[in-house]
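Input: a single structure, listed below in structure tokens.
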Amino acid sequence: KNKDTAPKQNGITRQPFPNSKKIYVSGKIYPQIKVAMREISLSDTVDAMTKKKTPNEPVTVYDTSGPYTDPNKTIDVHSGIERIREPWIKERGDVEELDSFSSQYCNERLNDASLDHMRFKLLKKPLRAKKGKNVTQLHYAKQGIITPEMEYIAIRENQRIDEMTEIRKQHKGEHFGAAIPEKITPEFVREEVARGRAVIPSNINHPEAEPMILGRNFLVKINANIGNSAVTSSIEEEVEKAVWACRWGADNIMDLSTGENIHETREWIIRNSPVPVGTVPIYQALEKVNGVAEDLTWEIFRDTLIEQAEQGVDYFTIHAGVLLRYVPMTANRVTGIVSRGGSIMAKWCLAHHKESFLYTHFEDICEILKSYDVAFSLGDGLRPGSVADANDEAQFAELETLGELTQIARKHEVQCFIEGPGHVPMHMIKENMEKQIEVCDEAPFYTLGPLTTDIAPGYDHITSGIGAAMIGWYGCAMLCYVTPKEHLGLPNKEDVRVGVVTYKLAAHAADLAKGHPGAQHRDNALSMARFEFRWEDQFNLGLDPERAREYHDETLPAAGAKIAHFCSMCGPKFCSMKISQEVRDFAAVNNIVDNEVIAKGMEEKSKEFKEKGSEVYL
Ligand code: IRN
Ligand code: FE2
């Protein structure tokens with residue numbers, strides 16, 4: 001069951017989802033923008049008695065898979081995917097093209113003959129803001145400008161709800177102070193960005209990415225971490241990891257690579273990634289000083305930031321909230337400091353007995369980030385690594401500092417969101433969200449899980465999926481996925497798929513509970529298919545059609561079973577959905593009102609049941 005069966009093209013998964021086609025919706029303000037969505041076509045509803053067929057409208061869903069699922073696109077991973085945002089960025093007139101990287105380190109690497117086995121060419125000349133210009137979406141939003149990125153997002157978030165006639169019962173949702181409109185407009189996107197309540201991770205050097213937004217008044221997004229320390233042999237393999245995560249629904253990926261060839265690996269990922277890419281630059285900086293944390297300097301870190309910004313990283317995790325005086329607060333914890341970046345900075349602070357350069361040079365970092373529109377993802381270096389340590393003094397002390405830094409980032413008009421825990425039991429999750437909103441003045445929250453218990457190694461996608469759904473409902477903007485391998489080992493492709501799908505369902509459960517206007521139509525369509533025994537439609541509308549079909553095939557592999565009015569769980573005689581439909585048909589024929597019908601239907605079923613010998617399983 002665990003093998004990857006999807007057909008590949010040059011090592012990259014390119015198979016479209018079943019019964020799905022890629023559609024592109026044009027903008028109104030900017031007709032040149034083409035918003036990619038997936039349209040799932042459905043089979044007809046067949047009336048059980050008259051056999052009359054009624055067609056079902058196709059369902060449009062949010063699509064993160066990029067051009068890879070569009071059979072009409074030719075893709076060459078060695079030159080990268082289409083740079084859809086390039087004309088938008090250049091037309092704004094605020095950028096200049098550089099002939100090579102500003103970072104000397106980077107240019108040396110480019111000429112290093114020892115890299116021949118993994119050589120990459122400069123696929124794209126780096127862009128940088130012209131002197132004195134700020135190219136962030138936040139800056140434009142504050143000027144009152146609706147960018148093409150903003151209109152793209154508005155269209156994408158709505159999922160054509162205004163064109164769908166078949167919007168059935170939709171629950172209102174509990175908003176917890178959020179304010180989600182009936183329809184997301186480009187102006188609403190602009191306002192949310194201007195307010196700092198939403199972030200569009202969109203480095204000018206990553207024009208390949210399809211714009212997406214993080215904020216509690218929008219769909220909850222998910223992140224998949226893909227980098228690892230293993231040596232990979234080819235560009236295709238690296239790109240395939242990213243493509244695979246996006247295929248299953250990752251809204252955004254983080255390249256956490258360490259070890260050799262970080263720069264090259266990242267180049268390939270970014271040039272071929274249809275979603276924003278984040279990194280933790282301190283990891284690469286640490287490689288440059290051979291893993292000795294104390295040897296890190298501001299200059300090495302600064303150069304790393306510039307190098308990555310010019311490659312196109314859309315946001316940086318920066319653990320600037322780990323202050324010297326907070327480190328002792330972790331001494332009596334059950335699990336101490338579990339953040340990699342957090343522990344590096346804690347070590348540095350103790351060794352030098354000073355505040356870290358991330359904190360003391362924070363404004364310098366803002367100057368760099370605004371020249372490329374890299375967003376801050378302020379790291380939670382002191383997040384709890386066990387439920388016992390949840391919501392403790394160290395965690396909340398760091399959060400206060402992150403709130404302070406948010407204000408500085410905003411002063412510079414640099415986009416900013418906040419990372420959060422970690423391991424938190426269910427009853428302590430809401431407090432996290434509320435505190436973050438208050439302390440960080442509504443900057444988007446981005447959490448790792450949280451894991452709601454520590455006792456299920458091997459199932460931490462579920463221990464954390466529970467917490468992720470809850471915090472997403474309370475207002476968290478993005479959920480960092482956890483795979484079944486968490487705490488145990490490096491995730492393989494199957495783990496990535498399970499992690500992404502688990503987080504996608506947690507995020508969607510949160511969207512439903514929040515009452516996002518673009519959420520419930522998919523549930524309704526799937527439920528109708530399920531009720532009408534349109535098995536194929538039920539599979540195809542799901543998050544993982546392949547897995548659903550496999551499970552159905554396991555007991556009823558015959559083609560006829562895909563239209564049968566039962567499945568192997570209850571068998572043909574005791575399917576509640578079948579019985580319920582029979583009751584309805586009975587009502588239609590006998591022209592009886594609901595309550596009576598049910599009573600009468602129940603009575604008949606009871607008689608039938610007794611006549612057959614009152615056996616539950618025939
Ligand atoms: C997300 C929320 N809190 C932490 N994260 C993710 O953890 C973050 O985005 C990045 O992928 C990773 C950073 O780990 P360390 O360095 O904090 O352990
Ligand atoms: Fe953990």
Side-chain angles (χ1 to χ4, degrees), residues 199 201 214 221-229 245 250-258 276-286 293 313-322 330 333-348 356 358 375-390 394-395 398-399 402 417-425 432-433 436 440 443-461 463-464 467-468 471-472 476-489 491 496 499 503:
V199 165
L214 306 178
K221 305 301 186 300
I222 68 162
N223 168 67
N225 292 334
I226 58 162
N228 60 47
S229 37
D251 293 287
N252 138 95
I253 53 179
M254 286 194 80
D255 175 18
L256 302 186
S257 298
T258 54
V277 177
T279 60
V280 190
I282 202 79
Y283 297 173
Q284 189 185 7
L286 190 68
V313 174
D314 297 283
Y315 63 90
F316 292 150
T317 294
I318 295 188
H319 301 84
V322 180
T330 62
R333 278 180 160 186
V334 171
T335 45
I337 298 177
V338 294
S339 153
R340 268 207 275 183
S343 61
I344 295 166
M345 295 326 296
K347 199 165 171 210
W348 193 96
S356 83
L358 303 179
F376 274 111
S377 182
L378 293 177
D380 56 337
L382 303 179
R383 67 172 170 270
S386 53
V387 293
D389 295 342
Q395 186 199 327
E398 181 187 40
L399 186 61
L402 300 184
F417 54 97
I418 314 294
E419 294 187 11
H423 291 237
V424 184
N432 274 270
M433 192 64 237
Q436 189 273 340
C440 301
F445 205 20
Y446 163 38
T447 58
L448 185 60
L451 289 79
T452 51
T453 168
D454 304 338
I455 66 161
Y459 296 85
D460 278 329
H461 58 309
T463 61
S464 67
I471 205 157
C476 187
M478 180 154 74
L479 310 170
C480 182
Y481 89 162
V482 170
T483 75
K485 288 278 167 65
E486 182 73 11
H487 303 119
L488 303 172
V496 169
Y503 269 66

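Side-chain atoms are counted along with the backbone in the values below, which use heavy atoms only and exclude waters and symmetry mates. Start at 1 and go down the list; that is how both ligands and their atoms are numbered.
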Task: Nearest-0.5 Å distance that lies between atom SG in Cys440 and atom CG in Leu402 - done: 6.0 Å
Task: Polar atom proximity, Asn223 to ligand 1 (N or O, under 3.5 Å) - done: no
Task: Subset of ligand 1 atoms that lie under 4.0 Å from at least one heavy atom of Ser339 - done: 15 (P), 16 (O), 17 (O), 18 (O)
Open item on the list: Looking only at N, O or S atoms in His487, which is nearest to the Fe ion (ligand 2)?
Closed with: NE2
TODO: Nearest heavy atom to atom 7 (O) of ligand 1 wins, so pick from His319, Arg383, Met345.
DONE: Arg383
Task: Qualifying residue, where the test is side chain to side chain contact (heavy atoms under 4.5 Å, CB included) with Tyr315 and the options are Val277, Asn223, Thr279 - done: Asn223
- [ ] Output the list of atoms in ligand 1 that are nearer than 4.0 Å to some heavy atom of Asn225, sorted by atom number.
- [x] 11 (O)
Task: Derivation of the side chain to side chain contact (heavy atoms under 4.5 Å, CB included) call for Leu256 and Ile226 - done: CA-CA 7 Å; Leu256 302 186; Ile226 58 162; over 6 Å; no
Open item on the list: To check you understand the geometry: which heavy-atom pair defines the closest contact between Pro276 and Asp251, and what is its length?
Closed with: CD-O, 3.5 Å
Task: Nearest-0.5 Å distance that lies between atom CG in Leu382 and atom OG1 in Thr330 - done: 6.5 Å
- [ ] State, with a plain yes or no, whether a side-chain heavy atom of Asn252 is found less than 4.5 Å away from one of Met478.
- [x] yes
- [ ] List the closest protein heavy-atom neighbour of atom 18 (O) of ligand 1: residue, atom name, distance to the nearest 0.1 Å.
- [x] Arg340 N, 2.6 Å
Open item on the list: Nearest N/O/S atom of His423 with respect to the Fe ion (ligand 2), by atom name, please.
Closed with: NE2
TODO: For atom 5 (N) of ligand 1, find the nearest protein heavy atom and state the residue, atom name and distance (0.1 Å precision).
DONE: Glu419 OE1, 3.3 Å
Task: Closest to atom 3 (N) of ligand 1 among Thr317, Asp380, Ile418 (heavy-atom distance) - done: Asp380
Task: Shortest protein heavy-atom distance from atom 16 (O) of ligand 1, along with the residue and atom involved - done: Tyr283 OH, 2.5 Å
Task: Minimum-distance pair of heavy atoms, taken over all atoms of Pro421 and Asn432 - done: CG-OD1, 3.4 Å
TODO: Just jot down the ligand 1 atoms closer than 4.0 angstrom to any heavy atom of Leu256, in number order.
DONE: 11 (O)
Open item on the list: Which of the numbered atoms in ligand 1 are under 4.0 angstrom from any heavy atom belonging to Met254?
Closed with: 8 (C), 9 (O), 10 (C), 11 (O)
Open item on the list: So which atom in Ala468 and which in Tyr503 form the shortest heavy-atom distance, rounded to 0.1 Å?
Closed with: CB-CE2, 3.6 Å
TODO: Indicate yes or no: does an N/O atom of Val280 lie under 3.5 Å from an N/O atom of ligand 1?
DONE: no
- [ ] Compute the minimum heavy-atom distance from Gly420 to ligand 1 and say whether it is under 4.0 Å.
- [x] yes
Task: Closest non-hydrogen atom pair, Gly341 against Ile282 - done: CA-CG2, 4.2 Å
- [ ] Report, in ascending order of atom number, the atoms of ligand 1 lying under 4.0 Å from any heavy atom of Gly341.
- [x] 15 (P), 16 (O)
